[in-house]
Structures are given as structure tokens and as C-alpha cells.
Amino acid sequence: MGNIILFSLIFSITATLILIPFFKKGKDDKKKRAGVSPLAIVTAVVLLTIAAFLFFYGTNIDRNLSSLWPLFIIITAIGTLFSSGNERMVKAILFVGSLFIGIYFLTAFLFNAEEKFEVAKMEEQVELKAFDEKETPASVPPQFARNKMKKAFSQVPNTSYYELGNLQIQKVNGDYVYIAPVEFSGFFKWWKGDTTPGYFTLSATDSSANPKFIKAEMDYTPSSFFNKNIERHIRMQYPKNIFYGDVQLEVDDEGTPYYIRSFGEFISGRNGFDVKGVVVVDSNSGETNSYPLSKVPDFIEGAVSPEVVSLQNSYYGNYIHGFWNSIFGKSDVKLPSDEGTEANVSPIFDENGVMYYFTDFTSPKEGVDSMLGYSLTDSRSGEATYYTGNLEESYMDSQGNLQIIEKKFIEKKWHGEMPVLYNFYGEASWLTPVLDSNGFLQNYFIVSAANPEISVFGTTPNDALRQYKLALQRGGGSVDGSSKALEKKVSGAVLRVYKEKSGDYTVISFLLDNRKNFIISSEKEPIAIYLKEGDRVNATYQDTEEQFLPVKDLVIEGIE
């Protein structure tokens with residue numbers, strides 16, 4: 001609190017010296033006399049100090065001199081107007097100087113586009129490595145998770161005092177979970193309740209899981225007021241820091257809740273943002289610590305906020321050839337998608353449990369749903385990789401994927417949410433949860449980004465993935481296996497055979513005497529329909545380590 005009072009006092013003294021005319025011409029136009037009394041000066045300082053305190057306390061703006069430029073233009077203009085003689089000349093010079101500073105701040109975005117692009121510049125690769133089928137994608141959509149938490153709100157004591165806060169995803173004790181704090185529903189509820197009782201968790205991979213309410217009192221929250229408001233509490237501790245993005249709740253492996261917020265610095269002239277670290281606040285005690293990105297505590301996933309990532313994506317996509325090109329020529333410009341679940345980006349995890357923010361990029365030309373590439377940004381370090389995709393193929397973007405879902409379920413009025421591009425079996429593929437009009441999860445939809453006619457849906461991600469593997473075989477797509485799959489050959493006797501009709505073709509599953517299961521479609525190998533128990537076969541398959549291994553080529557001995 002001392003910092004804001006001192007800053008307000010310094011501002012008020014400076015403003016008083018500029019505003020008040022200290023000298024006036026005498027009656028003979030030559031003599032000068034004092035323009036104001038000491039009491040008037042003291043009164044002005046006191047009133048301006050109170051006004052400045054209320055302004056900085058209410059707006060939560062950073063307390064740097066550069067934040068005052070609009071006020072100094074106004075103050076110097078008024079001071080110049082009411083002064084005279086040499087005093088007017090001095091204040092006029094101050095007014096012109098503050099005007100030039102204001103113009104610089106207002107036009108900085110015209111000249112720092114190249115710096116923004118360099119800050120957001122990404123490593124470029126062709127294609128994301130194939131997805132490991134043993135892993136389950138974090139595929140429960142936020143809207144569905146939020147609906148389930150609301151239905152479980154009766155677990156919260158004094159329910160009428162509270163409402164559900166913002167949802168975020170993280171890894172806790174090896175599990176991927178959604179976390180949502182319980183927030184106050186208004187000022188008087190905060191006044192009576194003082195602290196919030198805890199937060200909800202829900203699996204981000206299992207749609208059948210139920211929310212759990214975790215008791216953990218929180219004093220400092222986004223819905224608290226005055227000095228207990230978490231953003232104001234952070235500003236009081238770090239008055240000069242530049243923050244970007246909302247505060248987010250994260251919990252450690254013991255379940256202790258912390259609020260975090262990304263900080264950094266302007267690119268130039270109070271314009272643009274370059275993330276440098278994160279502030280971490282114990283939501284109960286208010287203890288606050290600041291960490292550079294290289295030293296972020298292990299339990300924190302989203303050190304770089306989704307708003308920061310979305311901003312960097314915009315820099316990278318728009319400013320490759322500067323600001324004016326982004327407005328007129330638009331050469332090589334690519335627009336980041338706005339279909340993400342958090343600030344236009346979607347958090348996902350790789351097989352090592354590292355969280356990334358996913359975004360696909362499309363053409364600025366209207367009516368085009370072809371994807372130009374996609375990016376993955378490390379949520380802890382901010383380092384990003386841009387994937388161009390196979391340049392010989394045209395990939396459908398996330399908007400085109402959602403339109404396919406909408407048309408497929410047009411009668412039921414279902415829609416897709418949280419589309420994420422994966423590399424399934426060597427095929428760039430969109431995985432999208434499908435929700436009904438009430439926000440309840442109905443199925444999972446997978447469609448090839450390069451061949452949209454190849455699509456399936458299933459009740460679970462793994463069910464949809466199994467069907468997708470067969471659809472790729474039927475449709476002539478590539479089935480290259482997972483990130484660890486190797487192409488192998490096997491020979492042996494068939495012990496069991498199971499055949500299932502799937503559209504115009506038959507899916508054949510068989511067990512060999514080596515006790516391994518294999519699967520193939522008759523569209524891929526028509527002679528497979530003749531397979532029977534006791535046959536000896538030679539097969540080429542992908543060792544994906546799944547229960548049923550996909551066969552690429554099959555030869556039945558005795559059948560030419």
C-alpha cells in the first residue's frame with residue numbers, strides 16, 4: 001500500500017507544479033507577483049493525491065511513469081492555458097514534449113511489427129510425429145466438463161453464496177484433470193462469506209467420470225474485493241510489472257491451490273508483449289513469488305497464459321513482412337484459428353505429459369477452409385513449433401472440420417467443440433468431441449485432414465480410433481502406426497477367425513498360434529474373406545502394441 005501512496009503523492013506534486021500558475025503579471029505589466037497561496041497549493045496536492053490513489057487503485061494499472069502519458073498531455077495543456085510569460089513558455093515546452101511522447105506511444109504499433117514477429121518466431125517442422133495409441137487424448141470438452149460441475153454444485157457448502165469460476169486443465173499426480181474454483185457470486189456474498197470453500201476437479205480423459213469437490217479455503221480470489229482481490233493483491237506486490245492474460249488457478253500434487261499470472265515487458269512504446277515469467281500466489285495465505293520461465297515450479301502447467309500464446313500466434317501469422325503487409329498485400333499472412341477452448345487456443349498433452357497450446361492457421365482469403373499449418377506452444381517455456389504439414393497435400397482447417405460435423409448431425413443439431421489435429425497412423429486427423437444442444441457429450445468424431453471423406457465417430461476416443469484405423473484401410477489412407485510402431489512380418493497358423501460386416505466391406509479379425517491378434521479389411525485385401533481356422537498365413541503388420549494389430553499385406557497359403 002505504501003508504494004501506491006508514494007506514487008500518487010509524487011504524481012500530485014508534479015501535477016500541481018504544472019497546473020497552478022505561480023506568477024501573474026502586475027498592474028503595470030512589468031511587475032510580477034505570486035499567483036496562488038500556499039494553502040491552495042497544499043489543497044491541490046491533497047486532492048490530486050486522493051484522485052490519483054483512487055485511479056491507480058481502481059484501474060490496477062502498472063505504476064510506471066510511462067502509464068501517465070495521457071494525463072500529462074491534459075495537465076500540461078491546462079497548465080499552459082492558465083499561465084503566462086516565461087512560465088507559459090516552459091509549460092508549453094512540456095506540453096509539446098508530452099504530445100510527442102503520446103504520438104510515439106499511439107503509433108508504436110506501426111513500427112514494431114518486425115520486432116513482434118521476431119519475439120513470436122517459431123521453429124518450423126513438416127509434420128507432428130504419430131500419436132501413440134496407448135495414450136488417451138485429453139478429449140473431454142470444457143463445456144461438457146463445466147455442465148457436469150454445475151450439476152455437482154450441491155457439494156459446496158452455502159451454495160447460494162457461490163458460482164463456478166473459470167475452467168482450466170492441468171496434470172495432477174499423473175492424471176489430466178479440469179480444475180474450476182468456486183467463486184463469490186457478488187459483493188455482499190463476499191462480505192458475508194469472506195473466503196471461498198474450494199474447487200472442483202474432473203477427469204479430462206474420461207467422460208464418464210464425476211466431478212469431485214476439494215475443500216481448500218481461499219482468501220485471495222478473482223471474485224473477492226478490495227485488497228483480497230487476487231489481481232489487486234498481485235499488483236500491490238509487483239507495482240511495476242506488466243501483466244497479460246487472466247489469472248489462472250493451478251494446484252500442486254498435494255491439492256494446494258495457487259493463482260498464477262504471466263508477466264513480461266512491452267515490445268516498444270507500451271505496445272506489444274513479450275512474456276518473461278510468472279507470479280505465483282498462495283490463494284489462502286497470499287504469499288507471493290515471482291519466477292522467470294526457466295525456473296517455474298514443476299506443478300505449474302500454464303506459466304504462459306493462453307492469452308499470451310494467442311497474441312504470439314497473431315504476431316507470427318500477421319507480421320511476417322511487417323505491419324502494412326498485414327493490412328494490404330497480405331503476402332504469406334496466415335490467420336490463427338479462433339476455435340480454441342481458451343483464448344482461441346486449445347491445451348493438449350503429449351505422451352510425456354507436457355502441455356502445449358494448439359492452434360491451426362488458415363488463409364486470410366474469405367471462403368477458404370484450407371489449413372496453412374498449425375502450431376504447438378510449450379505452456380511452460382513459451383517455445384513454439386510451427387508445422388507446415390505435407391506440402392503436397394491440402395489440409396482442411398478446424399472450421400472446415402466443424403462444418404462437416406454440423407452437416408453430419410444437422411437433424412440432431414449437434415455440434416463439435418475443441419477440435420485438435422493429431423497424427424493418427426501417419427495420417428493428419430482431426431479429433432473432435434461432439435455435443436448436443438444442451439452441451440452434453442454424445443460421441444467423438446475423427447476425420448482425415450487430407451481426405452475428409454474418411455471419417456468415423458465412436459462413443460470413446462479409443463473406440464473412434466479403432467474404427468478410424470479400419471476406415472483408413474478401406475479408404476486407401478496411410479496406416480503407418482504409432483510413434484513407436486515398426487513394420488514387421490509374421491507367419492503362422494490361424495486359431496480363430498471373426499468376420500464383421502462394415503458397410504460394403506468385411507472386417508476380419510484373426511488369432512495366430514503366436515497368440516497375437518490381427519485385423520484387416522476386405523477392401524485392403526479382398527482374399528481375406530476366405531480366411532478360415534487352420535489356414536497358414538504370411539502377414540506384414542504394424543507393431544502398434546495394440547490388442548489388435550493392423551495388417552498391411554496378407555497371403556493365405558494355398559490361395560493364389
Side-chain angles (χ1 to χ4, degrees), residues 125-139 205 348-352 356 358 360 371 373-374 376 387-396 398 401 404 419-433 443-490 500 502-503 505-510 516-525 528 539-554:
Q125 294 185 18
V126 175
E127 198 71 85
L128 184 69
K129 70 178 182 180
F131 181 82
D132 191 341
E133 292 81 3
K134 295 185 296 182
E135 299 290 332
T136 302
S139 51
T205 59
I348 63 173
F349 292 85
D350 68 6
E351 68 271 16
N352 298 315
Y356 293 87
F358 167 83
D360 66 301
M371 184 176 66
Y374 55 97
L376 290 178
Y387 297 89
T388 61
N390 188 338
L391 299 179
E392 296 180 358
E393 296 181 336
S394 178
Y395 286 174
M396 173 179 59
S398 58
N401 164 59
I404 288 178
V420 175
L421 192 73
Y422 288 94
N423 188 340
F424 291 139
Y425 306 107
E427 186 90 2
S429 312
W430 288 105
L431 170 64
T432 310
N443 60 49
Y444 291 90
F445 186 83
I446 302 179
V447 60
S448 168
N451 303 287
E453 67 276 6
I454 303 176
S455 65
V456 300
F457 57 90
T459 55
T460 67
N462 286 334
D463 177 39
L465 192 58
R466 180 182 63 83
Q467 295 184 51
Y468 187 60
K469 176 168 50 179
L470 297 175
L472 286 175
Q473 290 182 326
R474 294 195 303 269
S478 60
V479 185
D480 295 333
S482 73
S483 56
K484 300 177 182 178
L486 297 174
E487 188 174 290
K488 294 183 178 181
K489 295 182 182 296
V490 66
E500 180 183 11
S502 179
Y505 302 98
T506 302
V507 177
I508 299 98
S509 305
F510 58 95
K516 288 188 177 181
N517 300 292
F518 300 88
I519 190 169
I520 191 170
S521 169
S522 63
E523 183 174 4
K524 186 76 174 177
E525 197 65 71
T540 302
Y541 69 97
Q542 290 291 332
D543 189 10
T544 61
E545 299 183 10
E546 295 177 284
Q547 187 173 3
F548 286 85
L549 303 171
V551 175
K552 295 186 70 176
D553 296 297
L554 181 69

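Note that the numbering runs from 1 along the sequence shown for the chain. Keep in mind that this is a model prediction, so the values were computed, not measured.
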Novice: Taking side chain as C-beta onward, heavy atoms only, is Phe445 less than 4.5 Å from Pro419?
Specialist: no
Novice: Within the 4.5 Å heavy-atom criterion, are Val551 and Glu525 side-chain neighbours or not?
Specialist: no
Novice: Please name all residues satisfying side-chain hydrogen bond (donor to acceptor under 3.5 Å, both in side chains) with Ser509, sequence neighbours left out, ordered by chain then number.
Specialist: none
Novice: If you measure from CD on Glu500 to CD1 on Ile508, what distance do you get to the nearest 0.5 Å?
Specialist: 10.5 Å
Novice: Report yes if some heavy atom in the side chain of Ile446 is under 4.5 Å from a heavy atom in the side chain of Val456; otherwise report no.
Specialist: yes
Novice: Looking at every heavy atom in both Ser398 and Trp430, which two are closest together, and how far apart are they?
Specialist: N-CZ2, 3.4 Å
Novice: Quick one: pull up NZ in Lys469 and CD in Gln542 and give me the separation to the nearest 0.5 Å.
Specialist: 10.0 Å
Novice: Does Tyr468 form a side chain to side chain contact (heavy atoms under 4.5 Å, CB included) with Ser448? I'd like the steps, not just the answer.
Specialist: CA-CA 9 Å; Tyr468 187 60; Ser448 168; 3.3 Å; yes
Novice: Heavy atoms, side chains only, cut-off 4.5 Å: are Asp360 and Leu421 in contact?
Specialist: no
Novice: Starting at CD1 of Ile348, measure out to OH of Tyr422 and round the result to the nearest 0.5 Å.
Specialist: 5.0 Å
Novice: Residues two or more places apart in sequence or in another chain: which of them pass side chain to side chain contact (heavy atoms under 4.5 Å, CB included) with Gln125?
Specialist: Glu123, Thr385, Tyr387
Novice: What's the separation between atom OG1 in Thr388 and atom OH in Tyr395, rounded to the nearest 0.5 Å?
Specialist: 8.5 Å
Novice: I need the minimum non-hydrogen distance between Val420 and Phe358, along with the two atoms involved.
Specialist: CA-CE2, 4.0 Å
Novice: Against Thr540, only a single residue in Lys552, Lys488, Lys489 fulfils side chain to side chain donor-acceptor pair (under 3.5 Å); can you say which?
Specialist: Lys489
Novice: Hey, could you give me the CG/OH distance between Asp463 and Tyr444, rounded to the nearest 0.5 Å?
Specialist: 11.0 Å
Novice: Does any non-hydrogen side-chain atom of Ile520 lie less than 4.5 Å from one of Tyr541?
Specialist: no
Novice: Got a second to check how far Asn451's CG is from Leu472's CG, nearest 0.5 Å?
Specialist: 8.5 Å
Novice: Could you check whether any side-chain heavy atom of Met371 comes within less than 4.5 Å of a side-chain heavy atom of Met396, counting everything from C-beta outward?
Specialist: no
Novice: Quick check on the 6.0 Å ring-centre criterion: do Phe518 and Phe510 meet it?
Specialist: yes
Novice: So Ile404 and Pro452, do their side chains get closer than 4.5 Å, heavy atoms only?
Specialist: yes
Novice: On a heavy-atom basis, which atom in Ala539 and which in Leu554 lie closest, and how many Å separate them?
Specialist: CB-CD1, 4.0 Å
